[in-house]
Amino acid sequence: MKIIFIGGGNIAEAIFSQLGKTYAHILVIDHNQIRANYIKQNYPHINHSFDFNITPQNDDVIFLAIKPKDVATALSNITTNNALIVSLMAGIKCATIAKYLNNDNIVRVMPNTLLQFGHGTSGIFFSPRINSQQQDVVLKLFSTMGHNYILKNESDINNFTAVAGSAPAYVYYLIENFIDITQQEFGFSAAEAKAITLQIFKGSVIAIENSPQQTVSELRRKVTSPNGTTERAINVLQEKKIDEILVQAMRSCYNRAKELTQ
């Protein structure tokens, strides 16, 4: 089985960097010279090509890691035969992919870049043509990279994009601001601000994972003494309606995924 990536960007890298530890026959196709040099330098055991000049076999797996705006150009001139197609593209339906490739063996996966560290979250939708053996292949490929969630309907991909696919960026944005505030407002050095912030986020997640009998709200209330310092901070967050801002952000992500579908 060959594993072929059409597109070698960040999400593709998150996957082939992990699969390259187990699978020998991986090919990344990307026409960007800078990206090609990066892949050659950092992943010398992975093959690279500028053009799709191969004939895939039926037991090969082809990952589509293409920007949605480039789908028509990228897919119009390639032959996939009956290879298994795994699309990583937000908003592009199975029917659209099948039209360009003349191949109905399509799985849509909405992963996030945390796969690169073995802690990813992937939503997987199997189109009707996918048999149990093909499902097993996909689940095996993703099993070492994090947690998989099987989606019953293709439309659920857009929901998953909003709550998980794009979510690492939300968290990074919060951490980025915590670090900046700790340094600029409260006088800690850049190194101290980063170390303090990361330990807080890491420790909070560990506390949640190790407190299965308590909800996150209960843990938060245990830290929030009545009329204390923490309550003052929480009151500001509630007054500014942080929960509503998060809803708006995630809905905006969802709406963009729907726009791409069109």
task = Examine distances only and state if a side-chain atom of Q134 and a backbone atom of N131 form a donor-acceptor pair shorter than 3.5 Å.
result = yes

ask   = To the nearest 0.5 Å, what is the distance between CG (N235) and CD (E239)?
value = 6.0 Å

ask   = For the residue pair M110 and L88, what are the closest heavy atoms and their distance?
value = CE-O, 4.4 Å

ask   = Hey, quick one: are V61 and I124 part of the same hydrophobic cluster, counting side-chain heavy atoms closer than 4.5 Å, chains of contacts allowed?
value = yes

Transitive ILVMFWY side-chain link M145 to V138, under 4.5 Å = yes

remark   = Those residues at least two apart in sequence (or on a different chain) that pass salt bridge (Lys or Arg N to Asp or Glu O under 4.0 Å) with K93 are none

ask   = So, T197 side chain and K194 main chain: donor-acceptor pair closer than 3.5 Å or not?
value = no

key: Derivation and outcome, side-chain hydrogen bond (donor to acceptor under 3.5 Å, both in side chains), residues N37 and Q33   = CA-CA 6 Å; N37 291 337; Q33 183 66 58; 3.0 Å; yes

query = Using the ring of each side chain (for Trp, its six-membered ring), is H48 parallel, tilted or perpendicular to F50, with breaks at 30° and 60°?
reply = perpendicular

message = Within this structure, what is the OG1-CD1 distance for the pair T182 and I196, rounded to the nearest 0.5 Å?
response = 6.5 Å

request  = Kindly indicate, with the supporting measurements, whether the criterion side-chain contact (heavy atoms from CB on, under 4.5 Å) is fulfilled by Y38 and D30.
outcome  = CA-CA 11 Å; Y38 169 83; D30 195 306; over 6 Å; no

remark   = The reported gap from OG1 in T79 to CG in N102 (rounded to nearest 0.5 angstrom) is 9.5 Å

key: ILVMFWY cluster, L260 and I97 together (side-chain gap under 4.5 Å)   = no

query = Does N103 use its side chain to pair, donor to acceptor, with the backbone of N105 at less than 3.5 Å?
reply = yes

query = Heavy atoms, side chains only, cut-off 4.5 Å: are Y254 and N159 in contact?
reply = yes

key: Atom pair NE2 (H25) and CE (M1), whose distance is rounded to the nearest 0.5 Å   = 10.0 Å

request  = Kindly check if the number of other-residue, nucleotide or ligand heavy atoms within 6.0 Å of CZ (F178) is above 12?
outcome  = no

ask   = Roughly how far apart are I6 CD1 and I29 CD1, rounded to 0.5 Å?
value = 5.5 Å

query = Where do F16 and Q18 land on the side-chain contact (heavy atoms from CB on, under 4.5 Å) test, with the steps shown first?
reply = CA-CA 5 Å; F16 67 66; Q18 293 298 305; over 6 Å; no

key: Over 12 non-hydrogen atoms of neighbours within 6.0 angstrom of CZ in F201   = yes

query = Is any side-chain heavy atom of L101 closer than 4.5 Å to a side-chain heavy atom of I78?
reply = yes

key: Sequence neighbours excluded, every pair satisfying salt bridge (Lys or Arg N to Asp or Glu O under 4.0 Å) that has a member inside residues 207-224   = none

key: Closest non-hydrogen atom pair between F125 and E154, with its separation   = CE1-N, 3.4 Å

message = Counting only heavy atoms from other residues, nucleotides and ligands, does the tally under 6.0 Å from CG of D243 exceed 12?
response = yes

request  = Write down the atom of F188, the atom of A193, and the distance for their closest heavy-atom approach.
outcome  = CB-N, 4.3 Å

query = If you group Ile, Leu, Val, Met, Phe, Trp and Tyr whenever their side-chain heavy atoms sit less than 4.5 Å apart, what else falls in with V163?
reply = Y170, M250

ask   = Are V137 and F5 connected, step by step, through hydrophobic side chains (Ile, Leu, Val, Met, Phe, Trp, Tyr) whose heavy atoms are closer than 4.5 Å?
value = yes

inquiry  = So does A249 get a backbone contact from the side chain of S252, meaning a donor-acceptor N/O pair under 3.5 Å?
reply    = no

ask   = Pick one: which of I150, L151, I106 meets side chain to side chain contact (heavy atoms under 4.5 Å, CB included) with F126?
value = I150

inquiry  = Do T22 and T144 make a side-chain contact, defined as non-hydrogen atoms from C-beta onward lying under 4.5 Å apart?
reply    = no

query = When rounded to the nearest 0.5 angstrom, what distance separates CZ in R232 from CG in L237?
reply = 14.0 Å

task = Specify the closest pair of heavy atoms between V86 and V109, including all atoms of both residues, with the distance to one decimal.
result = CG1-CG2, 3.7 Å

ask   = Side chains of T161 and C253: closer than 4.5 Å at any heavy-atom pair?
value = yes

request  = Quick one: which residue pairs count as a salt bridge (Lys or Arg N to Asp or Glu O under 4.0 Å) with a foot in residues 51-61, not counting sequence neighbours?
outcome  = K2-D60

note = Sorted by chain and number, sequence neighbours left out, ring pair (Phe, Tyr, Trp, His ring centres under 6.0 Å) with F160 holds for none

ask   = For E259, what residues pass the salt bridge (Lys or Arg N to Asp or Glu O under 4.0 Å) criterion, not counting sequence neighbours?
value = R256

inquiry  = Does K241 form a side-chain contact (heavy atoms from CB on, under 4.5 Å) with Q248? I'd like the steps, not just the answer.
reply    = CA-CA 11 Å; K241 300 186 184 300; Q248 292 173 20; over 6 Å; no

query = What do the steps show when you test N81 against N58 for side-chain contact (heavy atoms from CB on, under 4.5 Å), and what is the final call?
reply = CA-CA 7 Å; N81 293 323; N58 291 345; 3.9 Å; yes

query = With distance as the sole test, does Q183 use its side chain to make a donor-acceptor pair with the main-chain N or O of I179 at under 3.5 Å?
reply = no

request  = Locate the shortest heavy-atom distance separating I157 from G123; write the atom from each residue and the value.
outcome  = CD1-O, 4.1 Å

inquiry  = If hydrophobic clusters are built by linking Ile, Leu, Val, Met, Phe, Trp and Tyr wherever their side-chain heavy atoms come under 4.5 Å apart, do I92 and L64 end up in the same one?
reply    = yes

Heavy-atom pair with the smallest gap, counting every atom of S211 and A207 = OG-O, 2.7 Å

